Each structure stands twice: as C-alpha cells, then as structure tokens.
Amino acid sequence: ELLKSGSDKFLMTKVKDIFNREISYKNHKLDVIRLEVYTILPLLATLDYKKFTGKYLDLIMAYYLAVLKNMYINSTLGSDRPSIYVSIGDIAYHVKSHIGPYIKQILDNVRDALKSKSKVRKYYEKELFYCISKLAVAMGPALAKHLHRDVLKLILACTLSSHMEDTLNVLIENIPSLEHTINKKLLWLLSNYLSGESFDNFNKKNISHPSLIDNAQNWRNKYIFNKNDEPKDKGKDAQIIAQALRMMNNIKIECSLTNFARVALISYCEHDNPIVRKLAILITCHIYSEDHKILSADDKYSLDSVNEVLTKSIIIALTDPVVDIRLETLKCLKSNFDAQLAQPDNARLLFSSLKDEVFTIQKEGTLLLGRLSLVNPAYIVPLLRKAMLELTTELKYATWPRKKEERLILITILCSFNRTIVEPYIHLLMGLLLENAKDSSSIVACGALEAIAALSETIENDMTKYM
C-alpha cells in the first residue's frame, strides 16, 4: 500500500533494498509469492523513475522475456503468464518511451500468444490485451508500424470481448492514425458476426435478407465455436451477439450504417435474450438518430426506412415482456424522430403506452406525446384532452395516496406542454387541484401544488382569477 502511494520519502531511499529483496523471490516455489513480486516491481518506478530506468528496467525485462520465452519448457512458471503481462504493461505505462528497446521482443511474444489456440489463450487473453493497451499508451504513434504489420489483424481474429473493445478504444485514442483502419476492419468483422455477410452487401438500397439470422448463426458456428473447438451454446452465443452490438455502437465511420441497422441489427429485436433485444433496438435507434441526412431526406426510400424502424421500435415499446426494454425504447425515441412519430399511425400506437401497467412507462409515454402535440396538434391534442379527462376522473375517485400522486404527476406533465390541451378544463382542473392541495398526505399536496405551478405557467394571466 505504501508503494502504491508513490510518494513516501523513506521508501524512496530504500528502492535498492526493496528491489533486491523482491527479485530474490522471483523463482519462489509458491505462486502467491511470485505473483506478488510481479505486482510490486512496477511500483518501484513510481518511487524513483530515474534509478528504476537506469538500473533495474533492463534486469526486470530480461527476466520477464526469458520467462515468457521458456514458458512451455518450465511448466512451474506457466501460471505466471497473466501476471507477467500485467506487470510488463504497468512498467511500460510508468517508463513511457524507455520501454522502446524491448518492444520488438515483447511484441514477438504477444504475436505468439495471440496465435495460440483459444482454449489456451483464454486463461491470459484479458491480461494480454491489457499489456497491449499499456504499450499503446507508453509508445503512442511509434507503435503503429508494429500494429499495422500483423498485431491488429491477430487482435481482431480473437473472439469478441469487452477487453478487446477496451483495447481497440485505447489504440484509437493514443494512435489516431489507426482510427480509420480499426473502425473499417471492425465494421466488416461485426457485419459477419451479426449477418454472416460482408458489409459491402448492405450498401445497396431496398436490400432484403430473409435468412440473415441463420446466416449469422452459421458464420459464428464455423468461425467461433468450431474453430475454437467449443460446444455450441446458446448462452455463449447470446453474449457474443451482445458484445458485437456494443462494439457496433462505438464505431465512427463516414459511411451510413442505417441500411445495415434496418436490415441486420433490428432483426435481433426478436431474440430470446433480453439483453440482445435491448441492445439491438437502442443501437438501431441511435444510428438513425445520428444520421441527419436520412432524417432530413424526403425521398420514398428514406421515409419508408425511418418509418419501418420507428414502427418496430414502437411495437417493442408496447409489447416486450421486459419492463426495462419497453421503458428504454420509449426514451430512445428522440426529438429527431418527431416528424415521423407525430404521424397519426405512429401516434395512435404511442397512446397505448398510457395504459401500460408500469407507471414509469405511462410517464415516459405522456412526456413523449406531450412533445409530439407541438408537432401535430390537430391529431394529438384531442386525444390528450381525452386522456386528461380520464386522469382527472381517476384522481377524483382515487383513495390511495400513491395512486393520487401518480395521476398528479401525469396531469403536471400535460399541463406543462400545450395550452390547448388544458384550456377547456381549467376550471375543472383548478377545483380538483386545490382540493388535493389540502390532502392529509404531504406527497399528494406537494404534487397538487406542482401541477398548479405548471398550469399557471401555461395559462399565464388566466390564473389570476384563482389567486
């Protein structure tokens, strides 16, 4: 713990003693002792950077590289590989460019590790990717030529994982020249994971892939499960799909992803796994909301494409058995989509969210419809007036404080959006709200006061008669 602080003056005078003591245990028969040595050695660089790089760095790296090279010969140290990768990464992070003289040997070992079979590599893959990330931070653009040669290709040949995603993000951040290459290669790879086809096939308009899910499943079976000699497991497959969707969400590339999202990604909205369903619909909506070109276009293809995605999104928001998916889907219908959402067919479907059994979804639906009433008042305002009357009736006859509180929250939302919604019912609302403001429940009374405040902001001078 003292070493981790990196600022203890007493310890700074004892770097030599600490190093000699730690290095004497490097071949200890107990794993736990050796692993502690690998943890402590990088911390010495934080105590005395100059002394560490001048006296100890070469000794440590020579030992680490020798251990990694002879790992298969000396089976006693076989379990040390993950900790050594982490230690090398931490040392590189602390010494920065001083790791340069050892980078070729380190990357030679990294290549061999990445080429190993998945069933062997899985025991140290996370630590291996950690090491690559730290090397990228330490070396920056100087590492690009090594990655371009073959390391990046070997990284992408591994099964998708969160640590691969983190490593690729670190590479893009620290080596900007690799951003386009990584995003392009990753996009083509994810297209295979999620559709079983090259991304080039999705650049054509009006494309249809009825067997896309089966094609993707066959691709994953061949290039993941069969290649790695793993049994085909639905749970593992769902994890891989979910990871592919997460990584798809972070891709930044000039070409449009909307067609791929419409054809491929949204197909997973019917998957058995709720995590996959949720990611599929949220990422599809995100891709469309960020593509201002297709949202502003008025050609038939663009309008039909957006409408198809929104219709599926609304249906999921109303029918998915998982509450969180229904709620998050409603939340992802951003204002970018308002022109399409306010159309009668879509608006009519959205009104069903006001009847959801979960109050948070009723609230989100009310917020959404209130916003849409400003876009298409002719169709939506009459329906919201009807909803307002139903809320006032429910509030009038409610006996539970919780029920009253919920009705008041929804009334407050409707009062805050559009004067035309509440204008015919101002007198009715004020009588009901003033009555509830005297309720014995403080929560109900506060809710009524908030509704009165929202109503007064909307109707302005008309509130003076009730003062």
Side-chain angles (χ1 to χ4, degrees), residues 38 42 57-58 60-75 77-93 95-175 177-186 188-190 192-193 223-224 227-230 247:
Y38 302 142
L57 179 59
D58 191 60
I60 294 172
M61 292 309 302
Y63 171 67
Y64 280 171
L65 292 169
V67 171
L68 291 173
K69 184 177 181 180
N70 300 317
M71 192 70 72
Y72 299 105
I73 300 174
N74 186 355
S75 59
L77 300 177
S79 62
D80 293 7
R81 184 189 288 267
S83 298
I84 290 176
Y85 283 135
V86 172
S87 190
I88 290 174
D90 288 337
I91 288 173
Y93 178 78
V95 303
K96 304 300 181 187
S97 60
H98 288 282
I99 200 70
Y102 316 97
I103 200 69
K104 184 179 182 302
Q105 291 174 279
I106 294 173
L107 289 179
D108 284 343
N109 189 274
V110 167
R111 289 187 186 92
D112 292 339
L114 288 171
K115 290 176 182 177
S116 63
K117 291 185 177 180
S118 176
K119 61 183 179 182
V120 175
R121 191 178 63 247
K122 67 181 181 181
Y123 295 108
Y124 56 80
E125 185 179 275
K126 183 177 181 179
E127 291 78 10
L128 177 63
F129 277 80
Y130 176 88
C131 180
I132 295 171
S133 299
K134 293 298 183 180
L135 290 173
V137 174
M139 297 292 293
L143 195 65
K145 60 181 180 180
H146 301 284
L147 296 173
H148 265 304
R149 193 169 70 191
D150 58 355
V151 174
L152 182 57
K153 182 179 179 181
L154 293 171
I155 289 173
L156 293 173
C158 298
T159 304
L160 299 182
S161 61
S162 58
H163 44 269
M164 178 198 283
E165 180 183 7
D166 293 340
T167 299
L168 292 175
N169 288 337
V170 171
L171 293 179
I172 289 172
E173 181 180 351
N174 291 277
I175 312 174
S177 61
L178 285 179
E179 181 175 8
H180 178 74
T181 301
I182 290 175
N183 280 325
K184 184 177 179 180
K185 288 181 179 293
L186 185 58
W188 262 250
L189 177 65
L190 295 178
N192 282 316
Y193 267 88
Y223 292 100
I224 300 175
K227 180 183 176 182
N228 297 334
D229 295 323
E230 296 179 5
M247 295 175 78

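All of these numbers come straight from a predicted model, not from anything done at the bench.
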Verify side-chain contact (heavy atoms from CB on, under 4.5 Å) between I182 and L156, making sure each step is shown before the conclusion.
CA-CA 9 Å; I182 290 175; L156 293 173; 5.8 Å; no

Gap between atom NZ of K153 and atom CG of L147 - 0.5 Å precision
14.5 Å

Scanning both residues in full, the closest heavy-atom pair of A113 with S116 reads O-OG, 2.5 Å

Sub-4.5 Å side-chain heavy-atom contact between Y223 and N192
no

Please lay out, stage by stage, how H148 and L178 fare under the test side-chain contact (heavy atoms from CB on, under 4.5 Å).
CA-CA 8 Å; H148 265 304; L178 285 179; 3.2 Å; yes

Starting at OH of Y38, measure out to OH of Y85 and round the result to the nearest 0.5 Å.
12.5 Å

Nearest-0.5 Å distance that lies between atom CD1 in I106 and atom CG in L143
10.0 Å

Separation between CG of L57 and NE2 of H98, rounded to the nearest 0.5 Å
8.5 Å

Y130 and D90: side-chain donor and acceptor closer than 3.5 Å?
yes

From N109 atom CG to I88 atom CD1, the distance as rounded to the nearest 0.5 Å
7.0 Å

The reported gap from NE2 in H180 to CD1 in I172 (rounded to nearest 0.5 angstrom) is 11.5 Å

Shortest non-hydrogen contact from A92 to A138?
O-CB, 3.1 Å

Looking at every non-hydrogen atom in both residues, tell me the closest pair between A136 and N174 and how far apart they are.
O-CB, 3.7 Å

Any side-chain heavy-atom pair of K119 and N228 under 4.5 Å
no

Do D150 and L114 make a side-chain contact, defined as non-hydrogen atoms from C-beta onward lying under 4.5 Å apart?
no

Derivation of the side-chain contact (heavy atoms from CB on, under 4.5 Å) call for L65 and D108:
CA-CA 10 Å; L65 292 169; D108 284 343; over 6 Å; no

Check the pair R111 / R149 against side-chain contact (heavy atoms from CB on, under 4.5 Å), numbers first and verdict last.
CA-CA 11 Å; R111 289 187 186 92; R149 193 169 70 191; 2.5 Å; yes

What are the two closest non-hydrogen atoms of F129 and C158, and how far apart are they?
CZ-SG, 4.0 Å

Look at the side chain of S133 and the backbone N and O of V170, then say whether any donor-acceptor pair between them is shorter than 3.5 Å.
no

Just so I know, are the side chains of L160 and I224 near enough to count as touching, which here means a heavy-atom distance under 4.5 Å?
no

Please tell me if the side chains of I99 and Y102 come closer than 4.5 Å, counting only heavy atoms from C-beta onward.
yes

When every non-hydrogen atom of P42 is compared with those of S87, the smallest separation belongs to CG-OG, 3.3 Å

Lys/Arg cation over aromatic Y124: K126, 6.0 Å, 45° cone:
no

Looking only at heavy atoms, the pair that brings E230 and S118 closest together is OE2-OG, 3.8 Å

With side chains defined as the heavy atoms from C-beta onward, is the minimum distance between N183 and L168 less than 4.5 Å?
no

Is there a side-chain contact between M247 and M164 in this structure, where contact means two heavy atoms from C-beta onward sitting under 4.5 Å apart?
yes

Please indicate whether K96 has more than 12 foreign heavy atoms, meaning atoms of other residues, nucleotides or ligands, lying under 6.0 Å from its NZ.
yes

